[in-house]
Chemist: 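My structure is below; once you've seen it, I'll send some questions.
Every number for a ligand or one of its atoms is a count from 1 in the order of the listing. What's counted below: heavy atoms across the whole structure, side chains too, no hydrogens, waters or symmetry copies. For clarity, every value in this text was computed on a predicted model and none was experimentally measured.
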Amino acid sequence: MAEADTAILSRTPYEMIGGARVVRAIVDRFYDLMEQDDRYADLRALHAPDLAPMRDSLAGFLSAWLGGPRDWFAQRPGACIMSAHGRMAIEATTADQWIDAMTRAIAESEVDFNLGRRMGDALGGMARAMAR
Ligand code: HEM
């Protein structure tokens, strides 16, 4: 196997995108967009006024989801992100707002184009499955 292939297989997506700093930058941009751009008004309205706890929580979730530190799950035994959102009665149009803001946040980050697109596609699939 080529050396480059071995390097790819031995690194998690979390490491490949640049770890905690880049995850945090994506999450912060995502919530900045949600706060500042009116096209995400419905999505913003679902959230509590203070988004600071969400910035920490989504960054923690994504870190684990990407193969990084799993503190988010360790602190929430049995947590299921799909079930938690199933109770929110999310409209398809609101899921589209989530996907649009996340796609922009990833695209504006330093994540490699192809990896960013795969990450956005996978998150988009989750978001669509959360909508009713
Ligand atoms: C489908 C569109 C989505 C909508 C409308 C939505 C909406 C929400 C809302 C309203 C909350 C509670 C916020 C608050 O208490 O202020 C929340 C929490 C959360 N969401 Fe979403 N969400 C969506 C998709 C996603 C996706 C795809 C993920 C994961 C990749 C995600 C991860 C989280 C996390 C980690 C929390 C915090 C849970 C906690 O700390 O208990 N959400 N979401």
Chemist: Tell me, which protein residue and heavy-atom name are nearest atom 19 (C) of ligand 1, and how many Å apart are they?
Modeler: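 Protein heavy atom with the smallest distance to atom 19 (C) of ligand 1: M54 CE, 3.3 Å.
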
Chemist: To check your reading of the model: name the closest protein heavy atom to atom 37 (C) of ligand 1, its residue, and the distance in Å.
Modeler: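 Residue, atom and distance for the closest contact: S57 OG, 3.3 Å.
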
Chemist: Under 4.0 Å, heavy atoms only, figure out whether ligand 1 is touched by the backbone of H47, its side chain, both or neither.
Modeler: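 Within the 4.0 Å criterion, H47 contacts ligand 1 through backbone and side-chain atoms alike.
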
Chemist: Counting only heavy atoms on the protein side, is anything nearer than 4.0 Å to atom 15 (O) of ligand 1?
Modeler: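 So far as the 4.0 Å threshold goes, atom 15 (O) of ligand 1 is out of reach of every protein heavy atom.
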
Chemist: Can you sort out which atoms of ligand 1 are near A95, meaning under 4.0 Å from one of its heavy atoms?
Modeler: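 Counting from 1, the qualifying ligand atoms are 1 (C), 2 (C).
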
Chemist: Taking non-hydrogen atoms only, is M102 closer than 4.0 angstrom to ligand 1 via side chain, backbone, both or neither?
Modeler: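 Under 4.0 Å from ligand 1, M102 contributes no heavy atoms.
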
Chemist: For ligand 1, which atoms sit closer than 4.0 Å to a heavy atom of L123?
Modeler: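 Contacts of ligand 1 toward L123, numbered from 1: 30 (C).
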
Chemist: Please list the nearest protein heavy atom to atom 35 (C) of ligand 1 with its residue and the distance rounded to 0.1 Å.
Modeler: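 Atom 35 (C) of ligand 1 sits closest to the protein heavy atom I81 CD1, 3.5 Å.
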
Chemist: Under a 3.5 Å cutoff, is there a donor and acceptor pairing between the side chains of Y31 and R44?
Modeler: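 No.
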
Chemist: For ligand 1, indicate whether the residue R128 contacts it via side chain, backbone, both or neither (heavy-atom separation under 4.0 Å).
Modeler: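 No part of R128 is near ligand 1 at this cut-off.
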
Chemist: Using a distance-only test with no angle check, is there a side-chain donor-acceptor pair under 3.5 angstrom linking W72 and S63?
Modeler: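 No.
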
Chemist: Of the protein's non-hydrogen atoms, which lies at the shortest distance from atom 32 (C) of ligand 1, and what is that distance?
Modeler: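 Going atom by atom, the protein heavy atom closest to atom 32 (C) of ligand 1 ends up being L58 CD1, 3.6 Å.
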
Chemist: Considering only protein heavy atoms, which is closest to atom 29 (C) of ligand 1, and at what distance to one decimal place?
Modeler: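 Heavy-atom neighbour on the protein nearest atom 29 (C) of ligand 1: F61 CE2, 3.6 Å.
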
Chemist: What heavy-atom pair brings A127 and I99 nearest, and what distance separates the two atoms?
Modeler: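 Distance-wise, the nearest heavy atoms are CB-CG1, 3.7 Å.
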
Chemist: Where's the contact between I90 and ligand 1, heavy-atom distance under 4.0 Å: side chain, backbone, both or neither?
Modeler: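 Within the 4.0 Å criterion, I90 contacts ligand 1 through side-chain atoms alone.
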
Chemist: Which residue supplies the protein heavy atom nearest to atom 24 (C) of ligand 1, what is that atom called, and how far is it?
Modeler: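 Ranked first by proximity to atom 24 (C) of ligand 1 is W98 NE1, 3.2 Å.
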
Chemist: Who's the nearest protein heavy-atom neighbour of atom 43 (N) of ligand 1, and how far?
Modeler: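 Heavy-atom neighbour on the protein nearest atom 43 (N) of ligand 1: H85 NE2, 2.9 Å.
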
Chemist: Can you sort out which atoms of ligand 1 are near L43, meaning under 4.0 Å from one of its heavy atoms?
Modeler: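 Matching atoms, with element in brackets: 4 (C), 5 (C).
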
Chemist: Looking at ligand 1, would Q97 count as a contact under a 4.0 Å heavy-atom criterion?
Modeler: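 No heavy atom of Q97 comes that close to ligand 1.
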
Chemist: Parallel under 30°, tilted from 30 to 60°, perpendicular over 60°: which one fits the rings of F73 and F61?
Modeler: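 Geometry flag for F61 against F73: tilted rings.
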
